[in-house]
Every structure is written in structure tokens, then in C-alpha cells.
Amino acid sequence: MSGGCPKGEPHGFDASFRGPVRRRSCTDIVCCLIFIIAILSYVALGIVAWLHGDPRKVLHPTNSYGQFCGQKGSPNEKKPILFYFNILKCANPSLLINLQCPTTQMCVSKCPDRFATYTEMQMQHTLSTSYWEYYRDFCKPGFSNPYKPVSQVLRDEDCPSMLVPSRPFLQRCLPDFTSLNGTVTVANRTNFKDALETARSVTELQHAARGITGLVDAKELGMKIVEDYAKTWAWIIIGLLLSLAVSLIFILLLRFTAGLLLWTTIVTCLLLLAYGMWYCSMQLSRLRNTPGADVAIVTVGMQTDLQVYLQLSQTWIVLLVSLAVTEACVLLMLIFLRRRVQVAIALLREASKAIGHIMSTLFFPVVTFLLLTLCISYWAVTAVYLASSGEAVYRVMSPDVSCQYANSTCTPESFNRSNVSMSASCQGSQCLFAFYGGETSYHRHLFLLQLSNLLLCLWLINFSLALEQCTLAGTFASYYWARRKPQDIPPCPLFSSFSRALRYHTGSLAFGALILSVAQLVRIILEYVEQRLKGVNNVVSRFLLHCLQCCFWCLEKFIRYMNRNAYIMVAIYGKNFCTSAREAFFLLMRNVVRTAVLDRVTDFLLFLGKALIAGGVGVVALFLFTKKIPVFQEEVPSLNYYWVPLLTVVLGAFLIAHAFFSVYAMCVDTLFLCFCDDLERHDGSSGKPFLMSPELHRILGKSSQSHR
């Protein structure tokens, strides 16, 4: 199908071409077979992970013996909370290496609610057994000798040396910090003593749990956010349905009033930007003499209350500059590219007609969404099962960083008789549960299996997107190459294009998706390496890493763009991926001026449409959630953070608009390639008439010729 062609004519030239090739054969069969084998291997990987993994290892805390807290059918069934014998040891530097607190950890039914030490318990036990009954709940199971000397109890880790009032968080007992007159306290105390009568301060507890107290604040923030969602979920759904209706109406109106609507969109965006600049300048004038308004945003730090930032002059300066730059860019584009804007509007108007004749294309993204949801869900479940594979591995945890056996593998049953416990530099060492792993080939290659899981997930995601692009391209190409529109449009063009893509071109789509997935995987690995090297001060390595990240980012963008155009050529001509990519590339290069300007201008106009829809719905939501709409003031509930439902509605509206406009963008790209090919195949004579619409030929042809 891709043989030689006459001199001076494009590769694959056929003047009698009348639309997507119907008689076609399977392309990239080898890649199709590899793709099928990869899918079967992915299913096998999921089964193996399911057989070896146990999500409870991730979901439930594990004590020092590798047992799950709260597991049904076990001795810890009624003990769902993990208790640390000496949480002060959690401030040990080895915690950063081993990701495990070097102290005995037991499953308990509840956290301690009072200060107590083992010494105090022994003294009180002579008066009443209730003190011992309370204290023994936090000792090792089976320990029942309250008269054992304190030194031996601490040596054998039979009981905690002290109890601190705590509360459960993420199924772990953490000190119950409270604020009293600006001072951090625990049970209204700032000092306490341990079993050895050593004075301790709450600051030490706070330092030991510093990383976790941040999570406590995050939990409180999360609870308030969930509460806001519970109060406003109905209003959020209404906002999303409104954005759905507005997006659909916007696209339908483009068919009849594309020029007017798009110019209205541009002018509206300009007016909104101008209003935003005026509002920012007014706020700056108001804050000019306000005390504290000149504080830098960096000094304030991260705040959940947005009103804090709105009281700073620097916030409004940043907004004013951003809006001014955006306004200037739009105005410069309109001044110097006004003719190209008219050309882009002509393309959008033609795309509106195509979508109007084939309305089912607007709902095809739902199929893609379901496929993406399936791929991501399968990846997430498989990743959890892989992460929870293996048997319990125990490591030596020592409070002394000079211990030569620290972090080495050990066996709890024989640890007290081993050389480690006898070593002078390892006094106080313990054999504690570290993680789940193993020595088999499967366990040694878990990291590679996780990478394979990620690569296959990316491959399936990109294949789903490629299938959507190829299906839509074939559908809109059927519209363009129809001599009489809509009479000559084939019946069920969307289903026909979808069937052709799956039946003949699964290999081509998988080939392009694999190339893109490999580039994405390399980028993800580079991001991971960057995170691991954040504490390293090697300037050269960081510079090289950033260069590699930049190169692969550009490579991914280029591959994504070429894949998109290659899929269009595959849908039209039915050739393999490499041939289609080559022909698409040279076709675009022969029309480089049109490609460079029209494509970007069209994307910019579509972005303005998406921004207008999301911004318009967002303004309505802002007035609604801040109770500035009198009609709904009583119905709208009081919120902790009004920005929670507001951002949800704005983001959801933008994604919904993006789903509709992605179909629109694919239509424009397909029509543009068909137009360029049409100009090369035909000359407008009676023998070789153009198949483009008369309006598209009049505007696009004249404009393009005057700028070539």
C-alpha cells in the first residue's frame, strides 16, 4: 500500500482518493502479538501478586512479632491499636534509616489516659491491685510479675517504663498534645518522670512525635474537608451538571455562530482580565496603609485560610502582574495573528458542522474514561498486593548508632542467646519486626515487578487514548471526504471507525503507545531519583539530572504530538505506524506555516472556551458558597472552608469541558490534515475537485497562499 509514487507528488498520492480506506489489512502484527502477550502477562502478574500478597500488611499496624493488630480470629482481634513502649526512642536517627521505631511495639485495646511509671505502679500495688491491672494491659502478653525489679523489667522489655496520656491516630497511640495558654502540654503537664526518676519534658515527646503531629493537623484538616463535602455534595453535583450543559450548548452553538461565539469568548476573556487587573489595583490601594500588609508570602507559610493571603499586598501584586502578562499576550496575538485567528475560526466552524452531523462522538470519551478507570484500578490493586508480598523480616534495632549489628537480620526466638545481645556496643538492642520480604527470586525482584506493573499500566492507558484518537480521526475523516454532506457520510461512522481500529490496527496503536510509555517511565524514574537525591549537595549530578528531565519532557511532548498525527493517518489510509508517522511528519513539514500557527491558535481558542466555562461556573459557585446570592442564602450550609467545594466545582467543570473539547480538538486536527492532503491531491478543476467545504477553501486557501 505504500509503493512508489510519481515524481513531485507526495508519498502515497492517489488523485481518486475518496475517504478512509475500506479494504485494508492488519498492521504491525508483531507488535499486536507482543501486546496480547503483555496483557496476558499482566493478568498473570496480578494473579501471582494476589496469591503472595496480603493487603492487611499495608492496612493494619504490625507489632514487634509481625502480628496484625485487630486481625479477626487472632489473639489481637480486640486489640486494634499499636502502642510504643518508649516513644522517646522514636526520635532516634536510626528511625530515618530503618523506617521503624527502635522500641517494643504491642497491640492494645485502648491507649493510656494517664501518666504512670512502673516504679509508681509497684508502690501503689501494695495498696490496691487496680494499679497493676491497669498497667499490665500495656505489658507483654503473659507477663504477670509486678514485683520483678525495674532494672530487669526494662532490660527484658517486659513492660513500658512509663505511660503517657495518648490518643489513637492511624491506629497508633500518640501523645495527646494540647495547648494551654500558648504552651504545649500533655494532660495539662509540661514535665514528668520516667521509671528511673529521670525528669522529662513534653518537648521531648513533641520532638519524638514531630513527624506524626503534622499528620494530626492534616487529619483535622481532612475531617473538616470531608464535613464540607458532606454538606455540599448536592450543590457540587448541580455545578458539574451545569458545566456539562454549558459545554454541550457551547459546542452546539459553535455550529451556527462559531465566529460570533468565539469572538465573544475572546472579548469576554479580555474584559474579565481587565476587570481582574482593576480589582487587584483597588485592593492594593486599600492595603497600602494597612499594618502587616507588606509581609511576604514566604513568611506567612502554608495556611488553610485563604483570607490570610488576601490581606497581603504581595498576593495582589502577583495576581496583577499575571493578569497583565496574560492580557498583553492575548492582545499581541490578536494584533499580529488576526488573519490566522479567522482561519482558526473557519476550522472550528467546520468542526462544529462535523460534530453536529455525528453527535455520538461527543460521548465517546465516556468509553475512554471507563477504560482508564479499569487500568488505573488494576494497577493500584496489583501494586498494593506486590507491596504486601513476603514473610515477616526482623532486624536488629539498637539505640546506639555504633552497634556493628544494627539493621542486620535476626531471629526473635534465639536473639537473647546470640552474639548481638552479648556485644558491649549493642546494649539495649532488640530484634524487632522491620518489613515484609523474603529471600526467594520472587521477593528479590519485587522492585522490577513494580516497574513492570507501572510500565504495563502506562502502556494500557496510552493505548486507550490512542484508540480514542484513531476512532475519532476515522469518524471525522469520513465526514471530510464525503462529496455530499451529510448524504454521503457512511452509516454509523463512529462504530465503523472503532471496529476498523480494533480489527486492523491494534498493533499500530500498541506500537505508538509503547514508545510513549517508555519515555514516560524514564521520566518517572528520573523524578524518583531526584527525590532520593534532594539531600545531596552535588551540583553536577543535580544539573545533569535536570538536563535529562528537560530532554525527556521535550521527547515525550514530541512523541505525543507525532503519535496523534500518526493515528490520524492510520485511521485514513490503513498503513502501519512507522509509515503513517513518516507521512504525517512530511505532510506537516510541507505545510509548516499552517501547522505552526493554525494549530497553536486553535488550541488557544479552545483553551479560552474551557477557561470561560470553568471560570463562569466557578464565579457562580463562589457567589453561592459565600452566600452572596439572596435566593439561596438559607439553603446553602455554613462551611469550614468554602474553597473546598469551589475548587472541586471549578476543577470538575474544567475536566468536563476538556472532555468535550478534546473531541473538538481531534476533529480540528483531522480536518486540518485532510485539508492539507486535499490541497496536494486536487487542484479544484472539474477532474480533480476539492472535497473541502466552499467556505473552508475560500478562507483557508487564500489565507494560506498569502502567507506561504
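Values below: every heavy atom of this structure, side chains too, minus hydrogens, waters and symmetry copies.
- Asp678 is listed as a side-chain neighbour of Trp481, based on a closest heavy-atom distance under 4.5 Å.
- Residues Ser478 and Ser497 are not in side-chain contact: their nearest non-hydrogen atoms beyond the backbone lie 4.5 Å or more apart.
- The aromatic ring centres of Phe661 and Phe250 sit less than 6.0 Å apart.
- Leu521 and Leu458 get closest at one heavy-atom pair: N-CD1, 4.0 Å.
- Arg523 and Gln520 share no side-chain donor-acceptor pair at under 3.5 Å.
- Heavy-atom neighbours of Trp379 CH2 from other residues, nucleotides or ligands within 6.0 Å: at or below the threshold of 12.
- Residues Glu556 and Ile559 are not in side-chain contact: their nearest non-hydrogen atoms beyond the backbone lie 4.5 Å or more apart.
- In this structure the side chain of Met569 never reaches within 4.5 angstrom of the side chain of Lys575, judged on heavy atoms.
- Taking each heavy atom of Ser247 and Ile656 in turn, the nearest pair found is OG-CG2, 4.3 Å.
- The number of heavy-atom neighbours closer than 6.0 Å to CZ of Phe495, taken from other residues, nucleotides and ligands shown, is 12 or below.
- Taking both residues in full, the closest heavy atoms of Tyr504 and Arg24 are given as CE2-O, 3.3 Å, listed atom of the first, atom of the second, then distance.
- Here the shortest heavy-atom pairing between Glu327 and Leu273 reads OE1-CB, 2.8 Å.
- Rounding to the nearest 0.5 Å places CG of Leu248 at 5.5 Å from CE of Met359.
- Of all heavy-atom pairs spanning Phe552 and Ala519, the tightest one is CD2-O, 4.4 Å.
- Without hydrogens or angle criteria, Thr361 side chain to Ile358 main chain gives a donor-acceptor distance under 3.5 Å.
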- Apply side-chain contact (heavy atoms from CB on, under 4.5 Å) to the pair Gln549 and Trp553, showing each step before the final yes or no. CA-CA 6 Å; Gln549 287 178 310; Trp553 180 85; over 6 Å; no
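- Ser517 places a side-chain N or O within donor-acceptor distance of the main-chain N or O of Ala513, the cut-off being under 3.5 Å.
- To the nearest 0.5 Å, the span separating CG on Leu472 from CG on Asp669 amounts to 11.0 Å.
- Using a 3.5 Å distance cut-off with no hydrogens or angles, the side chains of Glu350 and Tyr479 do pair a donor with an acceptor.
- With a 4.5 Å cut-off on side-chain heavy atoms, Leu587 and Leu673 count as touching.
- Atom OG of Ser580 is separated from atom CD1 of Ile572 by 9.5 Å, given to the nearest 0.5 angstrom.
- Gln469 and Asn563 form no side-chain donor-acceptor contact under 3.5 Å, judged by distance and modelled atom types alone.
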Run the side-chain contact (heavy atoms from CB on, under 4.5 Å) check on Leu240 and Thr648 step by step: do they pass? CA-CA 9 Å; Leu240 297 180; Thr648 304; 5.8 Å; no
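- Distance CG/Leu509 to OG1/Thr27: 7.5 Å, rounded to 0.5 Å.
- With hydrogens and angles ignored, the 3.5 Å screen pairs no side-chain donor or acceptor of Asp28 with any backbone N or O of Phe511.
- A donor-acceptor distance shorter than 3.5 angstrom exists from the side chain of Ser281 to the backbone of Trp278, with no hydrogens or angles considered.
- Side chain to side chain, Ser508 and Asn576 fail the donor-acceptor criterion of an N or O pair below 3.5 Å.
- Here the side chains of Tyr42 and Asn453 are in contact, with some heavy-atom distance below 4.5 Å.
- To the nearest 0.5 Å, atoms CZ (Phe476) and CD1 (Ile355) are separated by 4.5 Å.
- Nearest heavy-atom pair across Met562 and Ala581 is CE-O, 3.6 Å.
- The local environment of OH in Tyr378 is crowded, with over 12 non-hydrogen atoms from other residues, nucleotides or ligands closer than 6.0 Å.
- With rounding to the nearest 0.5 angstrom, the OG1 atom of Thr471 is 6.0 Å from the CZ atom of Phe498.
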message = Show, in sequence, the C-alpha distance, side-chain angles and deciding distance for Trp235 and Phe625, and conclude whether the ring-ring contact (aromatic ring centres under 6.0 Å, His included) test is met.
response = CA-CA 9 Å; Trp235 294 102; Phe625 293 128; 7.4 Å; no
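- Other residues, nucleotides and ligands contribute over 12 non-hydrogen atoms within 6.0 Å of the CZ atom of Phe654.
- By the 4.5 Å heavy-atom criterion applied to side chains, Val318 and Ser322 are counted as neighbours.
- Of the possible donor and acceptor atoms, none in the side chain of Ser496 sits under 3.5 Å from a partner among the backbone N and O of Pro493.
- Considering only heavy atoms from C-beta on, Leu323 stays 4.5 Å or farther from Thr326 through its side chain.
- Taking the six-membered ring where the residue is Trp, the centroids of Phe35 and Trp459 are separated by under 6.0 Å.
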